[in-house]
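Worksheet: one structure, shown below.
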Amino acid sequence: MNTMEPLSEELKDNQYYVNLLDVLIEENDQEMKHRLQKADTYAQFVNEQAGILMDETIDYIREHSVDFQIASSRVLDGWRDRMFS
């Protein structure tokens with residue numbers, strides 16, 4: 001059984017994904033970003049998605065015994081496909 005290393009403060013508060021999601025949304029769907037900003041729900045949306053991605057990443061690490069960067073990359077690829085395809 002693999003033990004996971006403790007998460008850094010940046011990972012604990014999902015800031016790693018908040019920043020990445022902001023960039024991905026900006027690059028892939030500016031219209032969605034502007035719509036959510038107009039409705040004052042953009043920050044809430046990004047924070048909720050970041051939490052979901054962190055949970056999925058932790059699950060992926062546990063299931064596949066890979067490091068954070070590999071798990072994160074796979075989880076982000078899946079999210080990107082779901083959101084922008």
Side-chain angles (χ1 to χ4, degrees):
M1 180 174 150
N2 290 340
T3 58
M4 291 179 48
E5 294 181 28
L7 296 175
S8 69
E9 289 304 312
E10 179 184 58
L11 295 178
K12 283 182 185 176
D13 70 3
N14 300 322
Q15 285 304 301
Y16 174 82
Y17 282 118
V18 167
N19 297 331
L20 279 175
L21 291 176
D22 186 46
V23 170
L24 285 173
I25 292 168
E26 181 74 29
E27 289 175 352
N28 291 285
D29 196 345
Q30 286 186 349
E31 184 178 313
M32 179 180 79
K33 181 175 182 174
H34 294 291
R35 246 187 356 263
L36 291 170
Q37 286 174 327
K38 199 174 204 179
D40 268 346
T41 58
Y42 182 70
Q44 178 184 352
F45 172 77
V46 170
N47 282 309
E48 287 173 357
Q49 293 299 302
I52 291 167
L53 289 175
M54 184 57 68
D55 291 344
E56 289 179 5
T57 301
I58 291 168
D59 290 344
Y60 194 95
I61 291 168
R62 287 184 180 139
E63 291 171 12
H64 301 282
S65 299
V66 296
D67 69 20
F68 178 82
Q69 292 301 323
I70 292 169
S72 175
S73 177
R74 301 276 163 71
V75 168
L76 275 172
D77 287 345
W79 183 87
R80 188 180 304 125
D81 289 345
R82 288 189 306 272
M83 290 299 296
F84 305 118
S85 294

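Just so we're clear, the structure is a prediction, and the values are computed from it rather than from any experiment. Here, residue 1 is the first one in the sequence, and each next residue gets the next number.
- Taking hydrophobic clusters as Ile, Leu, Val, Met, Phe, Trp and Tyr residues chained together by side-chain heavy-atom distances below 4.5 Å, Ile58 does not share a cluster with Ile52.
- Using a 4.5 Å heavy-atom cutoff, the side chains of Glu27 and Phe84 are not in contact.
- Tested against Leu76 for a side-chain contact (heavy atoms from CB on, under 4.5 Å), the candidates Thr57, Leu24, Asp81 yield a single pass: Leu24.
- Side-chain contact between Leu36 and Gln44 is absent, with no heavy-atom pair separated by less than 4.5 Å.
- Scanning both residues, Asn14 and Gly51, for their nearest heavy atoms gives ND2-CA, 3.4 Å.
- Here Asn28 contributes atom CG and Leu21 contributes atom CG; the two are 11.0 Å apart, rounded to the nearest 0.5 Å.
- Residues meeting the salt bridge (charged side-chain N to carboxylate O under 4.0 Å, His left out) test with Glu63, sequence neighbours left out: none.
- Here the CE atom belonging to Met32 is positioned 10.5 Å from the CD atom belonging to Gln37, to the nearest 0.5 angstrom.
- Aromatic ring orientation, Phe68 versus Tyr17: tilted (interplanar angle from 30° to 60°).
- Of all heavy-atom pairs spanning Asp67 and Ile61, the tightest one is O-CG1, 4.3 Å.
- Separating the CD atom in Gln15 from the CG atom in Leu20 is a distance of 11.0 Å, to the nearest 0.5 Å.
- Around atom CZ of Arg80, more than 12 heavy atoms belonging to other residues, nucleotides or ligands sit under 6.0 Å away.
- Applying the ring-ring contact (aromatic ring centres under 6.0 Å, His included) test to residues at least two apart or on different chains, none of the pairs has a partner in residues 21-55.
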